[in-house]
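So the structure is just underneath, and the comments pick up after that.
Below, each value reflects all heavy atoms present in this structure, side chains not excepted, and no hydrogens, waters or symmetry copies. No experiment lies behind these values; they were computed from the predicted model shown. Counting from 1, the numbers follow the sequence of the chain as shown.
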Amino acid sequence: MTSASKIFLITGVSSGLGRAFATAALEAGHTVVGTVRKNTDAKAFTALHPERAHARLLDVTDDAAVLAVVGEVEQSVGPIDVLVANAGYGLEGTFEETPLADVRAQFDVNVFGAAATVQAVLPFMRTRRRGHILAVTSMGGLASFPGVSAYCGSKYALEGILEAVGKEVAGFGIHVTAIEPGSFRTDWAGRSMVRTPRSIPDYDELFEPIRAARQTASGNQPGNPAKAAAALLRILNEPQPPAHLVLGSDALRLVRAGREAVETDLRTWEDLTLSTDHTPDDAP
């Protein structure tokens, strides 16, 4: 892939990081097909550029619709060079208080919606032997936090898929990058956040300060969406782009702390870990 104009497919461009990614790509001279859920959002997105901004209505949880949109874009707009699977949302609540139906809905969008989109573009990119697949996970996909267990679980799942897919398609000239943002000044913690009602007082001491702090911080997060978009564009022309792109100082700090906690467990329990291997003295 060169610095020449590319065709992007970005899911969830009505607001937030998706909108920032799309805007930056358009300003850089690329063509962007952006997916939205509402006609009003489609009109607003198309208005960003009369020729290079193309909106498509799409529910990423509809597998058949995802396949149809990707096929139609390949035919009517052109070959998709870059996929940014961005559509997703946050679900806040302690795990015990969160209905399983809400957990499944979280995975439907954040995991299976992204997986469907990735799977839909792969045959085209594989045939052309080029392409870059990016998906927005979260710092919560590499380090988990109380109060967003279902969200972190969905992002951990997506991380695992992306890392394995990247190894599967590397020989076809396709790059795969998981984007792990920290807290950015978007609506994620505001109107885009689904909040589970409280029902168990035992969690009050732990969770109430977390919920209050998140609501207070909304709109004052350290991350700048425009700079996240610039970082995304930066790696597209790298011959060896990262498999993981952590964005934001808070994400770097918290992901490192999470990784160090895992490393501590590995060191502390190494003898017990190694004790489970089969040895010559074991019974058959």
Side-chain angles (χ1 to χ4, degrees), residues 11-12 16-17 59-61 85-118 135-164 178-184 186-219 221-223 244 246-248 250-266 268-269 272-273:
T11 62
L17 288 177
D59 176 356
V60 296
T61 67
N86 165 76
Y89 70 96
L91 174 60
E92 183 192 72
T94 68
F95 189 74
E96 188 178 353
E97 292 176 313
T98 305
L100 284 178
D102 291 351
V103 177
R104 290 190 178 96
Q106 177 84 124
F107 274 64
D108 280 344
V109 175
N110 290 4
V111 182
F112 294 107
T117 313
V118 171
V136 178
T137 67
S138 167
M139 62 179 175
L142 294 175
S144 59
F145 310 102
V148 281
S149 50
Y151 177 78
C152 290
S154 72
K155 295 304 187 178
Y156 263 78
L158 184 55
E159 286 278 342
I161 292 171
L162 294 171
E163 190 168 304
I179 303 172
E180 295 105 356
S183 299
F184 276 76
T186 69
D187 289 329
W188 182 84
R191 66 178 179 86
S192 297
M193 174 74 74
V194 174
R195 290 183 161 88
T196 301
R198 296 299 322 284
S199 60
I200 304 175
D202 279 348
Y203 290 108
D204 288 353
E205 183 177 356
L206 169 72
F207 184 62
E208 284 304 313
I210 294 173
R211 174 166 280 181
R214 183 172 289 119
Q215 291 174 320
T216 300
S218 183
Q221 297 94 329
H244 301 275
V246 175
L247 298 177
D250 58 338
L252 186 61
R253 172 174 53 83
L254 292 167
V255 168
R256 277 180 169 162
R259 293 298 186 178
E260 288 171 3
V262 173
E263 185 62 33
T264 296
D265 277 348
L266 293 178
T268 302
W269 298 99
L272 186 61
T273 298

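The shortest distance between side-chain heavy atoms of Phe145 and Leu254 falls below 4.5 Å. Using a 4.5 Å heavy-atom threshold, the side chains of Thr273 and Leu266 count as separate.
Atom CZ in Arg259 sits 13.5 Å away from atom OG1 in Thr264 (nearest 0.5 Å). In this structure, SG on Cys152 lies 8.5 Å from CE on Met139, to the nearest 0.5 angstrom.
Across all non-hydrogen atoms, the minimal contact from Ala85 to Ala114 is CB-CB, 4.2 Å. Nearest heavy-atom pair across Tyr89 and Asp102 is OH-O, 4.3 Å. Between Phe107 and Ser154, the shortest heavy-atom contact is CZ-N, 3.4 Å. In this structure, Tyr151 and Asn110 approach most closely via the heavy-atom pair CD1-ND2, 3.7 Å. The two atoms that bring Leu247 and Phe184 nearest to each other are O-CE1, 3.5 Å, heavy atoms only. Nearest heavy atom pair, residue Gly93 against residue Ser149, reads O-OG, 4.0 Å.
Although no hydrogens or angles enter the test, the distance criterion places a donor-acceptor pair under 3.5 Å between the side chain of Asp250 and the main chain of Ser183. No side-chain donor-acceptor contact under 3.5 Å links Gln106 to the backbone of Gly88. The backbone N or O of Gly113 lies less than 3.5 Å from no partner atom in the side chain of Asp108, so there is not a single donor-acceptor pair. With hydrogens and angles disregarded, a donor-acceptor distance shorter than 3.5 Å links the side chain of Thr11 to the backbone of Asn86.
Pairs engaging residues 87-100 under the salt bridge (Lys or Arg N to Asp or Glu O under 4.0 Å) rule: Glu92-Arg195, Glu92-Arg211, Glu92-Arg214, Glu97-Arg198 [sequence neighbours left out].
Within 6.0 Å of atom CD in Glu205, 12 or fewer heavy atoms from other residues, nucleotides or ligands are found, so the atom counts as exposed in its surroundings. The number of heavy-atom neighbours closer than 6.0 Å to CZ of Phe95, taken from other residues, nucleotides and ligands shown, is 12 or below.
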Note to self: Let's go through Thr98 and Leu91 carefully: what are the C-alpha distance in whole Å and the side-chain angles of both, what is the deciding distance for side chain to side chain contact (heavy atoms under 4.5 Å, CB included) to 0.1 Å, and is it a yes or a no?
What the structure shows: CA-CA 9 Å; Thr98 305; Leu91 174 60; 3.9 Å; yes
Can you list, pair by pair, the side-chain donor-acceptor contacts under 3.5 Å of residues 156-164, counting residues two or more places apart and other chains?
residue	atom	partner	partner atom	Å
Tyr156	OH	Leu142	O	3.2
Tyr156	OH	Ala143	N	3.4
Glu159	OE1	His244	ND1	3.2
Glu159	OE2	Thr137	OG1	2.5
Glu163	OE1	His244	NE2	2.9

